[in-house]
Amino acid sequence: MLIIGEKLSIIAKRVREAMMKKDKGPIQEIATRQWKEGSGIIDANIGPAEDGGEDMMQWMVTTIQEVVQLPVCLDTTNASAIEAGLKVHNNEWGRPLINSTSNDPERFSILELAAKYNSQVIGLTVGKGGLPADAEERCAIAAEIMGRAMEYGVPLEDLYLDPLVLQIATSQDHARHVIKAISMFQEMNDPPMKTVVGLSNISNGCPKHIRPILNKYYFIMLMNAGLTSAIADSHEMAEALNEKKLIDDVLAGKEIDDAKKMAEISKTIDVIMGNTLYAHSYLEM
Amino acid sequence: MAFTPSKETYSGKVYPVTIGTGEQAVTLGGENVLAFHAFEGATPNRPVIAYEIQDVPPADWPENVRKPFEAVSSDPVTWAKYCQNELKASAIALRLIGTHPDRENRSAEDAAKTVKDVLAAISVPLIILGSNHAEKDSTVLVAAAEAAKDKNCIIGKAQEANYKTITAAAMANNHKLVAMSELDINLSKQLNILITQMGFEKERLITDPMCSALGYGLEYTYSVMERIRLAALTQNDMTMQPPMLGDVGMYVWKVKETQAPESDLPLWGPAEERGIAWEAATATALLISGSELLIMRHPKAVEAVMKTIEELV
C-alpha cells in the first residue's frame, strides 16, 4: 500500500502561510514527519495556482526533496506549474506522480507531460459533464482515460485510476460505489490497473471527532477491495493498519472483545455500505 | 392466469401519531408499507389535510385563494370556525405569520392570545406554526405552546437554529413537534436525533423535509420524502419513522403559475383553475411520496386531493 502524504495542501492554513512567505521550515517539517510515518510520496497541493504557479511548484518540489528522499505528487490544475515541477523533480528518489488528468479534454495535455517527463499520472474518472453516477460509469470513463493514455504514450502501469471519493455526509451512496469501482478498475487490464483515492474527502463536512473513524475504516474497506494507494493522512493510515484485524473481524461477522470498538466499527461499516442513513450523530444511535 | 401483484414486506413502520383531543382527535401514520400500498400491509390511517389559516388577514395570498375566505379571514377565530364547520376540516393549521419581524411583528403574547381564542372556538386538532423566523419563533412558539397546553397540538417548526427551546416547550406542554430541515435527508435525520437526545419521544415527532411547489423543486422534496420513507421501512431506521408533513399551500401560492392572470398569459388558461390544479398536483405528489399530513389552502384543491385519497385507499 502506497500512502501519498496529504498534509502539504494549500487548504491548510499553516501550509498556505508558509507557501506565501516561502518559509521552508514548516514545509520541510511536515514533509519529514509524513516520510517517517510511512508516506511513499509527498503530495504538494498548490491549488489552482493561476499566478506564479510555476515558481511555487518548483519551490515546493525542491524544498521537499531537500530533506526527504521521496518523489513528489504534483497536485494542481495548472499544467504549466506541473511542467515546471517536473523539470526540477529529483527522480533519484523515485518517479513523480501528477494529480491529475481526467476525461475532460482540457486535461489531456497532462498526459503529454506525463509521457514527456516519464512521470506517473492519476486519472480521475470524471468527464466534462457531471459526476459519475455509479461504479459502472466510473469504469466507462476509466476506459476512455486508458485509451487516451495509450494514445499519448503513457504506459498503463503508470496510470493510477481515481474513482473520486465524495463526502459521505451529502453523497452517501457514492461511498459504496467507489469501493465497487476500485475492484472493477483492476479487472480492466492485466496486470491490474493501479488505483488511488483522495481518502479524507469521505469525511469532509463531518464532525471532527468522527473524521478519523470514517477515514480509517473506509481505507481498510477500500484496501480489501484492492486499492493500491491513497492520498491520505499517513499517521491515520498507520493506525488503520494496526486496527485492520479488528475491522476485518467485524466485516467477517465475528464478535470482538471491545464492545465499544465493535459498535463503532459496525455502525461505520453500515453507514459506508448504505445500510443505515448517515447523520452526524450516527455513532450515538 | 390471474394477475398477482408481487408484494414487498418491510421491517419498519411509521409511528402512528394522534393529534387533538376528544372525539375529533385524529391519527396519522401507522402504516408499515409505502403510501397507499394497502395490498402489502397495514395502512390504518388516511392522510390528513389541515386547512391553513393565519393570525393576520391574508393580504399576501393571491386573490384566487383569498376569495373563498373573503368573508371570514379578517379574524382567525371566524376563519377557523368556517374551516371546521363549513369546510369540514379534520384539522386546522394556524400560521402565526404576523409575528414575523418584517411583517406585523406581533408579540409572543398576542400570538398566544390568538392561539387560545382559536382553540376555544374549534374542536378539531390544531397545528400551530410560527413565521419561520428562527429567532422570533423561539419566543412565539414557546408562548403558543403554553397557551395550548395539553391540547395535544402540533407545534412547529423546530429547526437546527432553534430546536432546543421549541422542543422544550412542546415537551413541557404535551404537544407534538414538527422538525424541519432544508431538503437534506442526512440533516433531517440529524435533527430528529438531536431532538430525541433532548428526551423528546420520537413517537411524538413529525418530519418536515421542506416542501416545494410543482415546477420549483418538487422533485427534490419528493425524492427526500421517498428516501426517508424507504429508510423507515426497509432499514427500520427509527429516527426516520415519524410521519411526514407537506406544507403545500404556502409554497404553491407564491409561484408565478398560481398568480399570473390569464390576460397576461392566455395560453396558461384561467388563473383560478390553474392555481387549484397546481396546489392539488403538488399535494398529490407528496402524498404518493409518503406524506401523511398536508397543509393546504384552497377548498377546491383540498376537495380534489380528498377525492384522490378516496380512490387510492
Side-chain angles (χ1 to χ4, degrees), chain A residues 129-134 137 164-180 200-215 217-218 221 250-251 253 260 263-285, chain B residues 10-15 34 158-161 163-164 167 179-203 205 207-210 217 219-220 223-242 244 289-290:
Chain A
L131 298 171
D134 52 23
E137 269 190 32
L164 184 65
V165 169
L166 297 170
Q167 302 176 21
I168 199 163
T170 53
S171 311
Q172 188 179 356
D173 291 348
H174 284 277
R176 66 174 189 282
H177 295 328
V178 162
I179 294 176
K180 189 174 175 195
S200 309
N201 201 36
I202 189 73
S203 64
N204 204 352
C206 299
K208 212 171 166 198
H209 70 281
I210 66 169
R211 293 203 60 179
I213 296 169
L214 276 164
N215 293 347
Y217 303 165
Y218 194 45
M221 292 169 83
V250 178
L251 280 165
K260 188 169 172 272
E264 184 183 285
I265 297 173
S266 55
K267 283 175 185 177
T268 303
I269 292 169
D270 276 345
V271 161
I272 290 169
M273 295 312 292
N275 299 326
T276 51
L277 192 60
Y278 174 84
H280 293 326
S281 300
Y282 77 90
L283 284 177
E284 296 154 44
M285 294 312 293
Chain B
Y10 301 98
S11 53
K13 78 174 237 188
V14 178
Y15 298 125
L34 293 173
Q159 307 177 43
E160 197 185 350
Y163 75 91
K164 284 185 183 162
T167 301
M180 186 187 84
S181 47
E182 298 188 351
L183 281 180
D184 181 317
I185 187 170
N186 305 104
L187 293 182
S188 172
K189 173 166 174 170
Q190 180 65 11
L191 184 58
N192 286 1
I193 293 173
L194 293 174
I195 288 172
T196 50
Q197 282 178 340
M198 285 180 66
F200 194 86
E201 292 167 79
K202 54 189 183 305
E203 297 83 356
L205 268 177
T207 301
D208 179 2
M210 195 168 180
E219 53 277 43
Y220 287 98
S223 159
V224 172
M225 280 194 174
E226 190 178 46
R227 285 184 292 142
I228 286 177
R229 187 45 37 85
L230 285 169
L233 298 178
T234 65
Q235 301 181 340
N236 197 16
D237 186 335
M238 286 182 289
T239 63
M240 298 273 77
Q241 286 172 344
M244 291 186 288
S289 71

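To find a chain, count down the sequence lines: A is the first, B the second, and so on, and within it residues start at 1.
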Taking A/N201 for its side chain and A/V165 for its backbone only, find out whether a donor-acceptor pair lies under 3.5 Å.
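Looks like yes, one N/O pair under 3.5 Å.
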Donor-acceptor contact present, side-chain A/K267 to main-chain A/L283, <3.5 Å:
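The answer is yes, because a donor-acceptor pair under 3.5 Å joins these two groups.
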Do A/H280 and B/L187 have side chains that get closer than 4.5 Å, going by heavy atoms?
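Yes, at least one pair of side-chain atoms sits under 4.5 Å.
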Do B/N192 and B/K189 have side-chain heavy atoms sitting under 4.5 Å apart?
no
Can you tell which part of B/T239 gets under 4.5 Å to a heavy atom of chain A, answering side chain, backbone, both or neither?
side chain
Counting only heavy atoms from other residues, nucleotides and ligands, does the tally under 6.0 Å from CD of B/Q197 exceed 12?
yes
Taking all atoms of both residues into account, what is the closest heavy-atom pair of A/Q167 and A/N204, and its distance?
OE1-O, 3.3 Å
A/T268 and A/Y218 side chains, donor-acceptor separation under 3.5 Å
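Short answer, no.
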Do A/S203 and A/N215 have side-chain atoms, one donor and one acceptor, less than 3.5 Å apart?
yes
Which residues pass the side chain to side chain donor-acceptor pair (under 3.5 Å) test with A/K180, not counting sequence neighbours?
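So A/K180 forms a side chain to side chain donor-acceptor pair (under 3.5 Å) with A/E136.
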How would you list, by chain and number, every residue that makes a side chain to side chain donor-acceptor pair (under 3.5 Å) with B/E160, sequence neighbours excluded?
none
Hey, which residues of residues 229-238 of chain B are touching chain A, say heavy atoms under 4.5 Å apart?
B/A231, B/Q235, B/D237
Toward chain B: residues of residues 169-178 of chain A with heavy atoms under 4.5 Å:
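Checking residues 169-178 of chain A against chain B gives A/A169, A/T170, A/Q172.
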